[in-house]
Amino acid sequence: MDPSRVSAILRAVRAIPRGTVSTYGEVARAAGLPGRARLVGRVLREAPGSAAVPWHRVVAAGGRLAVAAYAPHAAVTQRMRLEREGVRFTRGGRVRLDTSVGAGRKSRIFPG
DNA sequence: CTGTTGACCAAGG
DNA sequence: ACCTTGGCCAACA
């Protein structure tokens with residue numbers, strides 16, 4: 001991977017405010033890599049847990065916890081951390097994109 | 001070198 | 001609300 005892209009993505013993730021979430025696609029755009037949502041997931045997968053990146057604030061479109069398909073246990077951790085920050089969930093285990101702290105309307109999840 | 005595989009996504013059915 | 005399709009493209013077999 002191009003290290004500059006990696007750092008751009010990690011920077012975008014670090015910019016997500018506490019108590020809010022963003023999506024892979026949105027992080028990709030914020031990192032100047034529109035349409036490359038998959039790359040965000042790949043980078044987060046390779047990112048060491050020691051790195052100071054709030055990976056738990058990144059969810060899939062619609063508030064789904066995409067990490068569940070990759071590491072079911074991680075999804076539990078993600079939900080715990082988000083709830084501790086005040087993020088609300090729906091019955092189906094999705095993040096409430098409309099009422100999360102600081103969430104803004106439809107697609108604008110965190111202000112750039 | 002080609003083929004498949006994804007922490008994805010938007011649109012259409 | 002779920003499923004399929006086509007787009008995406010780096011890593012991996």
Side-chain angles (χ1 to χ4, degrees):
Chain A
M1 254 316 288
D2 180 10
S4 68
R5 289 178 175 177
V6 175
S7 54
I9 288 172
L10 294 181
R11 184 162 10 93
V13 174
R14 275 190 287 257
I16 304 171
R18 192 173 178 283
T20 75
V21 297
S22 186
T23 66
Y24 295 90
E26 209 162 2
V27 167
R29 282 197 297 279
L33 300 165
R36 312 237 2 224
R38 297 189 94 123
L39 187 57
V40 174
R42 194 191 315 283
V43 167
L44 289 183
R45 183 185 61 196
E46 292 170 12
S50 57
V53 271
W55 58 270
H56 59 283
R57 297 187 192 135
V58 183
V59 300
R64 229 188 50 239
L65 301 189
V67 71
Y70 146 82
H73 179 267
V76 180
T77 303
Q78 182 173 25
R79 178 163 182 166
M80 285 193 320
R81 290 188 180 181
L82 288 177
E83 287 184 324
R84 191 169 13 157
E85 295 183 0
V87 174
R88 313 274 281 338
F89 281 75
T90 68
R91 238 184 335 225
R94 309 235 184 154
V95 171
R96 277 197 175 183
L97 298 175
D98 56 326
T99 61
S100 296
V101 178
R105 284 52 77 180
K106 298 194 204 184
S107 44
R108 189 131 221 107
I109 298 174
F110 82 96

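All chains are named by letter (A, B, ...) in the order of the sequence lines, taking the proteins before the strands, and each is independently numbered beginning at 1. Keep in mind that this is a model prediction, so the values were computed, not measured.
When the P atom of B/dC8 is taken as reference, atom CG of A/Leu33 falls 17 Å away, rounded to whole Å. The nearest whole Å value for the distance from the CD atom in A/Glu46 to the C1' atom in B/dT5 is 14 Å. As rounded to whole Å, 15 Å separates atom P of B/dG6 from atom OH of A/Tyr24. One can place CZ of A/Arg94 at 11 Å from P of B/dC9, the figure rounded to the nearest angstrom. Straight-line distance from the CG atom of A/Leu97 to the P atom of B/dC9: 11 Å, rounded to whole Å. The distance between atom CZ of A/Arg36 and atom P of C/dG6, rounded to the nearest whole Å, is 21 Å. The distance from atom CZ of A/Arg42 to atom P of C/dC8 is 15 Å, rounded to the nearest whole Å. Distance, A/Trp55 CH2 to B/dA7 P: 14 Å, rounded to whole Å.
Using a 4.0 Å heavy-atom cutoff across all strands shown, A/Ala61 reaches sugar-phosphate atoms only and no base atom. Among the atoms of the strands shown, base atoms are found under 4.0 Å from some heavy atom of A/Arg45.
At least one cation-pi condition fails for A/Arg45 and A/Tyr70: the charged atom is not both under 6.0 angstrom from the six-membered ring centre and inside a 45 degree cone around its axis.
Between atom OG1 of residue A/Thr23 and atom CZ of residue A/Arg29 there is a gap of 6.0 Å, rounded to the nearest 0.5 Å. Within the model, atoms CZ of A/Arg91 and CZ of A/Arg96 stand 9.5 Å from one another, a figure rounded to the nearest 0.5 Å.
For A/Arg38, the side-chain atoms get nearest to B/dG6 when compared with the rest of B/dA7, B/dG6, C/dA10.
Residues A/Val40 and A/Tyr24 come closest through the heavy atom pair CG2-O, 3.6 Å.
For the OP1/OP2 pair of B/dC8 and a distance below 4.0 Å, the side-chain nitrogens and oxygens of A/Arg64 include at least one atom meeting the criterion.
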